[in-house]
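Notes follow the structure.
The structure presented is a predicted model; accordingly, all values stated were derived computationally and were not measured. These numbers come from the heavy atoms of this one structure, side chains and all, not from hydrogens, waters or symmetry mates. Every number for a ligand or one of its atoms is a count from 1 in the order of the listing.
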Amino acid sequence: MNSVSTTENRPTVCIIGAGITGLTAARQLMLKGMRVLVLESALNSGGMLSAFSVGADRLEHIYHHIFTTDKDTLSLMTELNLEKDLHWYSVRDALFAGGRNYPFSTPLDLMRFSELPFLQRLKTGLTVLKASRLRDWRSLEQMTAAEWLIENCGLKAYEKLWAPLLRAKFDLDADEVSAVWIWNKFKLRGSSRASHGQSEKLGYLAGSFGRITDELTSQIIAGGGQILYGYTAMGLSHNNNAQDKSQAKYKISCILEDCSSVDFSADSVISTISTRQFANLSISLNLQEDYREKLLSVRYKANICMVIRLRKSLSQYYWNTICDNLPFVVAVEHTNMTGTGDYGGHIVYLSRYLDIADPVWTQSDGEIFQSFISGLEHVYPDFSVNDIIDWRLRRSRYAQPVIFRDYSNRKPDMNTPEEGVKLAGMAQIYPEDRGINYAIKLGKESAQAVENYLEVNKLI
Ligand SMILES: Cc1cc2nc3c(=O)[nH]c(=O)nc-3n(C[C@H](O)[C@H](O)[C@H](O)COP(=O)(O)OP(=O)(O)OC[C@H]3O[C@@H](n4cnc5c(N)ncnc54)[C@H](O)[C@@H]3O)c2cc1C
């Protein structure tokens with residue numbers, strides 16, 4: 001076993017995960033003069049934002065857009081000089097229900113959605129409006145989304161419209177999801193609309209959002225930070241070799257691709273991975289039992305996302321939510337937002353969230369491809385498999401934490417009982433839902449918390 005120790009006379013902060021959260025935190029700490037070491041199990045930066053080459057352009061493995069209200073993303077892009085390549089688009093959305101596609105971009109579309117009785121369409125519209133104006137989200141904490149939606153929109157609207165959407169995201173846990181989660185969606189979409197009655201504006205960065213994590217990576221390396229790929233953090237413990245405060249307090253053990261292991265020491269640690277993974281790797285820290293219980297009680301949905309390049313467009317819609325029971329729950333025709341540009345075809349993502357106990361999770365890529373394609377033929381009868389130029393599939397194990405009722409009391413806090421160790425994963429984002437903007441915000445907050453810790457302990 002190799003051992004790497006810090007010799008420079010400035011504190012070392014170890015960051016686990018080179019996604020947008022970890023890289024944002026690392027850059028901020030580096031700019032403050034800290035020595036940063038980022039450990040990443042994959043062979044590249046970016047995490048869920050990582051991109052690949054398509055035609056003469058780049059594209060994320062998973063669909064992404066941002067909202068006009070994503071202030072932290074916008075200000076980071078300005079700092080990185082990327083905002084000049086950010087474009088805003090008005091898109092058309094649809095809902096596939098009862099075997100047909102309904103336009104679903106504007107309040108008027110909702111009023112025309114004939115799958116629901118008119119009164120329930122009206123109530124649904126009013127609920128969305130009311131929710132987007134509600135500030136006191138805590139008043140919703142004890143209710144499930146199902147209870148709140150049935151009470152406000154009516155049972156039929158819930159069954160036809162909302163239950164499929166909740167199931168699409170949370171699968172078997174759909175009935176338990178907090179009303180705060182759905183409130184937040186209404187609020188976000190409402191404030192992103194240019195004005196009442198217009199469809200919302202979505203932002204996309206030319207060349208993919210992977211450019212943000214690429215630029216962060218370059219800046220961290222140029223500033224003397226270290227990012228190690230293929231290093232999977234397996235253990236976090238106290239550094240028993242530390243004799244006094246001048247020596248790093250924590251030891252992080254990694255396993256490499258060749259099964260060898262290596263230890264690092266650090267004065268402080270930020271973990272950006274799931275709470276469950278963190279609970280396992282931090283076992284030797286003996287964190288308080290109630291905190292460990294919180295870590296282990298967070299449930300995550302996995303995601304399967306297939307991206308296909310097509311010779312011709314499927315429809316005029318960017319986003320199509322699938323309410324009927326099909327193998328995927330959303331079809332995102334990315335090029336209906338951005339145009340086909342240099343992709344060399346039309347880009348469509350098909351995505352589904354699921355529990356890893358679901359047999360689909362362990363199906364081969366080919367099997368998933370077959371079932372997704374049969375679903376696509378159902379939604380777009382003009383589509384033919386011969387239209388496909390190429391495709392690829394990405395599985396994300398920890399794609400979405402389930403936000404249960406009373407989540408403010410269930411959420412494991414960013415400040416763990418071990419003062420020098422901070423937790424900055426998707427499960428720490430609340431009442432907002434996980435997303436690039438909140439990942440950046442949390443990355444900055446965790447870096448600030450580390451700086452405070454180092455200051456209080458006179459390590460800087
Ligand atoms: C289907 C889908 C669609 C989305 N669409 C949008 C969207 O349109 N707009 C938006 O704003 N957000 C969207 N998001 C959310 C957004 O992608 C995430 O919120 C964000 O990328 C999370 O970044 P992160 O750094 O917190 O996590 P990640 O990107 O998951 O980064 C964590 C990193 O840690 C690494 N890692 C894991 N375990 C270890 C270990 N033991 N040791 C070392 N490294 C480890 C992983 O390889 C990964 O690189 C979407 C997410 C999904 C799943």
Side-chain angles (χ1 to χ4, degrees), residues 14-26 37-51 60-67 69-70 72-74 76 91 168-169 188-189 192 202-205 208-210 212-213 216-217 227-236 252-257 264 269-282 300-307 318-319 328-330 332 334 337 349-354 394-401 423-429 432-443 446:
C14 173
I15 293 123
I16 305 174
I20 183 90
T21 312
L23 294 173
T24 303
L37 166 67
V38 184
L39 302 172
E40 169 55 56
S41 57
L43 299 180
N44 53 281
S45 294
M48 291 193 200
L49 281 185
S50 61
E60 300 87 350
H61 292 271
I62 300 174
Y63 54 87
H64 280 90
H65 55 245
I66 62 165
F67 298 103
T69 45
D70 285 348
D72 289 86
T73 310
L74 296 173
L76 180 62
V91 295
K169 196 93 187 221
L188 187 66
R189 305 306 282 247
S192 189
L202 300 181
Y204 189 73
L205 181 63
S208 91
F209 287 109
I212 304 182
T213 46
L216 288 170
T217 300
I227 305 181
L228 299 178
Y229 299 113
Y231 282 67
T232 301
M234 297 292 285
L236 170 60
I252 306 97
S253 308
C254 283
I255 185 148
L256 276 58
E257 293 226 309
F264 298 91
V269 175
I270 299 177
S271 166
T272 70
I273 61 181
S274 75
T275 57
R276 284 172 168 263
Q277 291 168 295
F278 176 75
N280 289 336
L281 70 80
S282 64
Y300 290 84
K301 295 296 155 191
N303 176 268
I304 295 177
C305 191
M306 187 170 102
V307 51
Y318 165 64
W319 187 277
F328 52 86
V329 295
V330 65
V332 183
H334 172 82
M337 173 171 67
Y349 292 95
L350 304 176
S351 153
R352 128 159 225 193
Y353 289 89
L354 71 171
R394 168 64 64 110
R395 292 169 212 244
S396 307
R397 164 63 190 97
Y398 297 101
Q400 170 75 51
L423 201 55
M426 283 185 274
Q428 276 61 61
I429 296 168
E432 295 84 9
D433 191 25
R434 60 101 173 99
I436 304 172
N437 190 63
Y438 306 102
I440 293 170
K441 187 164 177 258
L442 186 61
S446 60

Sequence neighbours excluded, which residues qualify as ring pair (Phe, Tyr, Trp, His ring centres under 6.0 Å) partners of Y204?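 Result, ring pair (Phe, Tyr, Trp, His ring centres under 6.0 Å) vs Y204: F209, H334.
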Short N or O separations between ligand 1 and the protein, below 3.5 Å:
residue, atom, partner, partner atom, Å
ligand 1, 5 (N), Y63, O, 3.1
ligand 1, 8 (O), H65, N, 3.0
ligand 1, 8 (O), H65, O, 3.4
ligand 1, 9 (N), H65, O, 2.9
ligand 1, 11 (O), I436, N, 2.8
ligand 1, 12 (N), I436, N, 3.4
ligand 1, 14 (N), H64, NE2, 3.4
ligand 1, 17 (O), H64, NE2, 2.7
ligand 1, 19 (O), G435, N, 3.2
ligand 1, 25 (O), I20, N, 3.1
ligand 1, 25 (O), T21, N, 3.1
ligand 1, 25 (O), T21, OG1, 3.1
ligand 1, 26 (O), T21, OG1, 2.6
ligand 1, 29 (O), M48, N, 2.8
ligand 1, 38 (N), Q277, NE2, 3.3
ligand 1, 41 (N), A233, O, 3.1
ligand 1, 42 (N), A233, N, 2.9
ligand 1, 44 (N), S41, N, 3.1
ligand 1, 47 (O), E40, OE2, 2.6
ligand 1, 49 (O), E40, OE1, 2.7
ligand 1, 49 (O), E40, OE2, 3.1

A439: side chain to side chain contact (heavy atoms under 4.5 Å, CB included) partners, not counting sequence neighbours:
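Scan of A439 (side chain to side chain contact (heavy atoms under 4.5 Å, CB included), adjacent residues dropped) gives I20, T21.
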Judged by atom type as modelled, is there a donor-acceptor pair below 3.5 Å linking the side chain of [X] to the main-chain atoms of [Y]?
X	Y	answer
N303	L354	no
D70	F67	yes
T272	I16	yes

Query raised in the report: Got a sec, which residues hit side-chain hydrogen bond (donor to acceptor under 3.5 Å, both in side chains) with R276, two or more places apart in sequence or on another chain?
Result: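 In terms of side-chain hydrogen bond (donor to acceptor under 3.5 Å, both in side chains), with neighbours along the sequence ignored, R276 is linked to no residue.
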